[in-house]
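Each remark here refers to the structure printed beneath this line.
Each ligand, and each atom within it, is numbered from 1 in the order the structure gives.
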Amino acid sequence: MYRSHTCGELRKNHCNETVTLSGWVQKSRDKGFMIWVDLRDRYGITQLMFDEERTPKEMMEKARTLGREFVIQVTGNVIERVSKNPNLPTGDIEILVTELTVLNESLVPPFTIEDKTDGGEDLRMKYRYLDIRRNPVRENLIFRHKVSMAVRNYLSNLDFIEVETPYLIKSTPEGARDFVVPSRMNEGQFYALPQSPQTFKQLLMVGGMDKYFQIVKCFRDEDLRADRQPEFTQIDCEMAFVEQEDILNAFEGLTKYLLKEINNVEIGDFPRMTYDDAMKRYGNDKPDIRFGMEFGELNEVAQHKDFKVFNQAELVVGIAIPEGNSYSRKEIDKIIDWVRRPQVGALGMVYVRCNEDGIFKSSVDKFYDQEDLAKWAEKTDAKSGDLICVLSGETNKVRAQLSALRMEIAERKGLRKSNEFAPLWVIDFPLLEWDEDSARFHAMHHPFTSPKPGQIELLDTNPGEVKANAYDLVLNGNEIGGGSIRIHDKETQAIMLRHLGFSEEEAVAQFGFLMDAFQFGAPPHGGIAFGLDRLVSILGGQETIRDFIAFPKNNSGRDVMIDAPSPLDKLQLDELSLALNLKP
Ligand code: ASP
């Protein structure tokens, strides 16, 4: 038996008991006549003590050889401490050691195993197993487990069944590139790793499974943006015989349950906002509604004077920064520089100071009078003491730019509080989205999403206008879930694929299996998927998803611990019939 108790367990009432503990040496202090060792495991830290009077000499010597992170087993008596440590749950007691076994030695770790470590990100990732010994990382992994368990409980109680779907599949276009896996047994052919189990979960509905979920890895070979992982985890769900309303209710329920169970926060019904509204009011389809600074569109009240920049713009739009009039000229210039950075891309910014005395002072006083500026203040809901920031240009671009500014200001002002939760549904997404590069329409969600009833005809005349039964769940400015009601008949699916530019042969080659299935009694169905990594990090009040993944990849998609990806040797390549395709 390696241990009778854990290192987090012993209290005063255990005094005089003989116990056995196993764990890692956190640190030791040698006072000559006395040696103290902090022994650590997943559950906590217990102080061990050796003293000249009561400990045999050889054991005293052995205790002196213990280095940091040695794995040891001790047996001893629980005794009350003379000087207690109120910061430690086990701080009332210590173990007077009677037996000491070194189970394994350790090299000196490359960084300290402390809450605040001296190890940089790269080093910690290379030795992630040591990083996981640190409290913050371990607690995050346990936190993630709790969230996953709560999800499973909730869904299981609603009769959802967790079904595993394959990882080696055929590629389905969902917007990203597939990771592919060569098939040794089928020369020259490849599997793809799923970007999501989308088609399988729909086939489970055709199979009568009715309510499905799966906590599942998904793979997308995208250019990595900050805090994206090439493999990530979804809570993937699908239901049959449902309308959008049923899905929203079920998963609003799940989200409320998680907030209550995990964060002890009770939230009322989630607001709903159409995609069009979200874009108009926040310039963003995942608005952070924890704070105001809603957009005010100013075309009507800004395009009647001689100011060319505004007159030529498709959209003139502003936000009021609360108490922004306190910014100095220099600070405002810095904001202007910020919106002009290439990452944001605005050409310039017009501003209006709303002075306490009700007088406006703007950077365009040459063109606009007090009456005009008062109207801008009204549209942006600016109070005296605020600063109105106005951008102009092409609608989509300008909205994205102002949205970036809104988020940046909120961040700087500390308005994005991690312990405040503001979920909402964004609904009525467009079915299609124009793609500049390929100069054609793409499915905004994916090709299996159904248009709103009665809108299918619009596909021929006005494809950009067609709305979908698609929805996103947004939490604190992050899309944490998204889904749709699906097409469930062959004809509509064929029409949809045609509009996405698939020829009939291509459609059959890619999606024949799904359209075949639709001919055998496919029930109406729909679903949603939550990004688990992001959800966990938001509930955990932290920004980076990497902190909640046991073995994450770095920003270049590498696992620096196992050093992957890596080249294959010739033999392996030959076996996969890949060698010929490689450059010399
Ligand atoms: N498969 C979709 C996704 O991964 C979610 C869904 O439509 O259920 O985003």
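- Classified by interplanar angle (parallel below 30°, tilted 30° to 60°, perpendicular above 60°), the ring pair Phe429/Tyr275 is tilted.
- Relative orientation of the Phe448 and His446 rings is tilted, given thresholds of 30° and 60° on the angle between their planes.
- Contacts of Thr449 with ligand 1, taken as heavy-atom pairs under 4.0 Å, are absent altogether.
- The aromatic rings of Phe530 and Phe251 sit tilted, their planes meeting at an angle between 30° and 60°.
- Applying the 4.0 Å criterion to heavy atoms of Ser196 picks out, from ligand 1, the atoms 1 (N), 4 (O).
- Comment: Glu314 does not engage Arg399 in a salt bridge, judged by the lack of any side-chain N to carboxylate O separation of less than 4.0 angstrom.
- Taking a cut-off of under 4.0 Å to the non-hydrogen atoms of His445, the atoms of ligand 1 that pass are 5 (C), 6 (C), 7 (O).
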- [ ] Give the intermediate values and the outcome of side chain to side chain donor-acceptor pair (under 3.5 Å) for residues Asn135 and Arg138.
- [x] CA-CA 5 Å; Asn135 291 325; Arg138 188 194 56 241; 2.6 Å; yes
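- The backbone N or O of Pro136 lies less than 3.5 Å from no partner atom in the side chain of Asp115, so there is not a single donor-acceptor pair.
- Using a 4.0 Å cut-off to heavy atoms of Gly482, the atoms of ligand 1 that qualify are 5 (C), 6 (C), 8 (O).
- Every atom of ligand 1 is numbered from 1 in the order shown, and the set under 4.0 Å from a heavy atom of Lys201 is 6 (C), 8 (O).
- Distances below 4.0 Å separate heavy atoms of Ile528 from the following atoms of ligand 1: 8 (O).
- Relative orientation of the Phe270 and Trp425 rings is tilted, given thresholds of 30° and 60° on the angle between their planes.
- Every atom of ligand 1 is numbered from 1 in the order shown, and the set under 4.0 Å from a heavy atom of Gly483 is 6 (C), 7 (O).
- The part of Arg220 lying near ligand 1 is the side chain, judged by heavy-atom distances below 4.0 Å.
- Which parts of ligand 1 touch Gln234 is read off a 4.0 Å heavy-atom cut-off, strictly below it: atoms 3 (C), 4 (O).
- Close contacts between ligand 1 and Arg486 involve ligand atoms 6 (C), 7 (O), 8 (O) [criterion: under 4.0 Å to a heavy atom].
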